[in-house]
Amino acid sequence: MMLIPTHHFRDIERKPEYLQPEKCAPPPFPGPAGTMWFIRDGCGIACAIVTWFLVLYAEFVVLFVMLIPSRDYVYSVINGIVFNLLAFLALASHCRAMLTDPGAVPKGNATKEFIESLQLKPGQVVYKCPKCCSIKPDRAHHCSVCKRCIRKMDHHCPWVNNCVGENNQKYFVLFTMYIALISLHALIMVGFHFLHCFEEDWTKCSSFSPPTTVILLILLCFEALLFLIFTSVMFGTQVHSICTDETGIEQLKKEERRWAKKTKWMNMKAVFGHPFSLGWASPFATPDQGKADPYQYVV
C-alpha cells in the first residue's frame, strides 16, 4: 500500500483573481453515462492480476487437494460452500473497489466561469491543484498515479489498482475482511488435512502424490499466513480511520481538523450506508451515504 505525499501539490489562494484561471483549459466533456472507472497503471494492473491468481490458486488447492478427495462428504460440502462464498465476496469486493470512481474531482474546473459561479466572499479560501487544474473541495488530495484529485483520499492501493477514497472505501474494507477470512479458513483446513494425512496413508488423503501434496499445502499455508497478517492489519487500520473520520493522508500529515466531529457510529454509517443492514457486508449494495455537496469549499 502506498501513501502519496501531497503537501507539495496544494496551493492555497485567498482571492479568486490569483487562481490564474486563464491558464486552465476548459474541463473535458464528460464520458458517456455509465462509463467504467479504470486506472491504466501497469504496476496496478499487474498487482490486481496477481491478487486474482493467488485467490484462484487457493481455490484450486482447497478444492482439488483437500476437499474433493476427502471421504467425509459433510465436511467437504460445508467447508466448500463457506470457502467459495467468502472467495466470491472477496473477488466481488475487489472488482467494486477497483472499478468504482473513488471520488474524483472534475479535471480542469479551475476556469474563470466556474470560479465566478462559486460567488466567493472576501477572504474566502479555496484550494487549487496545479497538477490537474481543479478547484478542490476540503479534504481532497491529488494522486500522482490516478492523476486526479480524490475526495477523502486515504491512500492509493496498487492491489486494487485504484485510490481508496470517499466512494469506494466500503468495498476496500470488505475486500480486506473477506481475504483475511478465507486466509484464516484455509489455514485451519490445512492444519486438519495434515493431521488427517499423518494418521492415514498419504496416498489416500489426496489425488496427488505425497511430495506434490506437501508442496501445494506448504505454499498455500505460506500464502494464507502472509495475507492473513497483511489484510488484518489493513482492515483494522481502515476501521480505525473510519471511526476517527481521519484518512491515512490526514493522519500522516497531521492535518488540522476543519470538519465537524461525529460519533463513531455515524462515521461508520457515512461509509457503509444508512441505516445499518446486511447490505453493509455486501459488495453489491451501494451505500446511501447521505453525502453533502461535493463542492463545498473551505472558508
Side-chain angles (χ1 to χ4, degrees), residues 1 44-100 157-162 170-236 238 278-285:
M1 303 294 176
I45 294 172
C47 288
I49 292 173
V50 169
T51 300
W52 275 69
F53 171 78
L54 292 174
V55 173
L56 294 177
Y57 170 77
E59 280 273 1
F60 169 77
V61 176
V62 167
L63 291 178
F64 294 100
V65 176
M66 293 190 287
L67 296 184
I68 291 178
S70 175
R71 286 173 289 180
D72 190 336
Y73 181 76
V74 175
Y75 172 85
S76 296
V77 170
I78 293 176
N79 281 282
I81 291 175
V82 172
F83 187 86
N84 280 279
L85 177 62
L86 293 175
F88 171 74
L89 291 172
L91 293 178
S93 300
H94 183 271
C95 283
R96 290 302 301 272
M98 180 170 59
L99 303 178
T100 298
C157 177
W159 297 105
V160 297
N161 188 34
N162 202 1
K170 169 190 173 179
Y171 310 124
F172 181 75
V173 172
L174 292 181
F175 168 65
T176 58
M177 181 182 75
Y178 287 126
I179 290 294
L181 289 176
I182 63 173
S183 298
L184 178 61
H185 191 197
L187 280 173
I188 293 173
M189 285 190 291
V190 168
F192 277 116
H193 198 74
F194 269 120
L195 290 176
H196 173 71
C197 290
F198 281 134
E199 293 176 356
E200 296 191 11
D201 187 356
W202 273 86
T203 58
K204 296 180 180 179
C205 70
S206 174
S207 55
F208 296 89
S209 65
T212 303
T213 299
V214 171
I215 292 174
L216 291 173
L217 290 177
I218 289 177
L219 289 176
L220 176 61
C221 188
F222 177 77
E223 174 195 340
L225 183 61
L226 181 65
F227 276 89
L228 174 61
I229 296 172
F230 180 70
T231 55
S232 296
V233 171
M234 282 304 305
F235 175 77
Q238 287 295 301
L278 289 177
W280 280 28
S282 171
F284 303 102

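These figures come from a predicted structure and were not determined experimentally. Hydrogens, waters and symmetry mates play no part in the numbers below; they use all other heavy atoms, side chains included.
The CG atom of L174 sits 4.5 Å away from the OG atom of S93 when rounded to the nearest 0.5 Å. Atom OG of residue S232 and atom CZ of residue F227 lie 12.0 Å apart, to the nearest 0.5 angstrom. Separation of atoms CG (L187) and CD (E223) is listed at 10.0 Å; rounding is to 0.5 Å. Note that the CE atom of M177 and the CD1 atom of I179 stand 11.0 Å from one another [nearest 0.5 Å]. To the nearest 0.5 Å, the span separating OG1 on T176 from CE on M234 amounts to 7.0 Å. Interatomic distance, C221 SG to I218 CD1, rounded to the nearest 0.5 Å: 8.0 Å.
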Listing, residues 79-86 side-chain donor-acceptor contacts under 3.5 Å, not counting sequence neighbours, or none:
{"residue": "N79", "atom": "OD1", "partner": "H185", "partner atom": "NE2", "Å": "2.8"}
{"residue": "N79", "atom": "ND2", "partner": "Y75", "partner atom": "O", "Å": "2.9"}
{"residue": "N84", "atom": "ND2", "partner": "G80", "partner atom": "O", "Å": "2.7"}

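Side-chain N/O atoms of H94 and W52 include a donor and acceptor closer than 3.5 Å.
Residues V55 and A87 come closest through the heavy atom pair CG1-CB, 4.3 Å. Nearest heavy-atom pair across G44 and N161 is CA-OD1, 3.3 Å. Scanning both residues, Q238 and V173, for their nearest heavy atoms gives CB-CG2, 3.8 Å. Here the closest non-hydrogen pair linking G279 and A285 is O-CB, 3.6 Å.
Side-chain atoms of S76 come within 3.5 Å of backbone atoms of D72 as a donor-acceptor pair (strictly under, hydrogens ignored). Between the side chain of K170 and the backbone N or O of A97, no donor-acceptor pair lies under 3.5 Å. Panel note: side chain R96, backbone P283; a donor-acceptor pair is recorded below 3.5 Å.
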After noting the C-alpha distance and the side-chain angles of T51 and F175, does the key distance pass the side-chain contact (heavy atoms from CB on, under 4.5 Å) rule?
-> CA-CA 11 Å; T51 300; F175 168 65; 3.8 Å; yes
Check step by step if side-chain contact (heavy atoms from CB on, under 4.5 Å) holds for I182 and V62.
-> CA-CA 11 Å; I182 63 173; V62 167; over 6 Å; no
So F235 and Y178, side-chain contact (heavy atoms from CB on, under 4.5 Å) or not? Walk me through it.
-> CA-CA 10 Å; F235 175 77; Y178 287 126; over 6 Å; no
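The local environment of CZ in F284 is crowded, with over 12 non-hydrogen atoms from other residues, nucleotides or ligands closer than 6.0 Å. Residue-environment remark: OH (Y57) exceeds the threshold of 12 foreign heavy atoms within 6.0 Å.
Inter-residue side-chain proximity for S183 and L225 is flagged as unmet; no heavy-atom pair is nearer than 4.5 Å. Annotation: side chain of S70 is not in contact with side chain of L67 (no heavy-atom distance under 4.5 Å).
Checked options L216, I215, L217; the residue passing with T213 is L217 (criterion: side chain to side chain contact (heavy atoms under 4.5 Å, CB included)).
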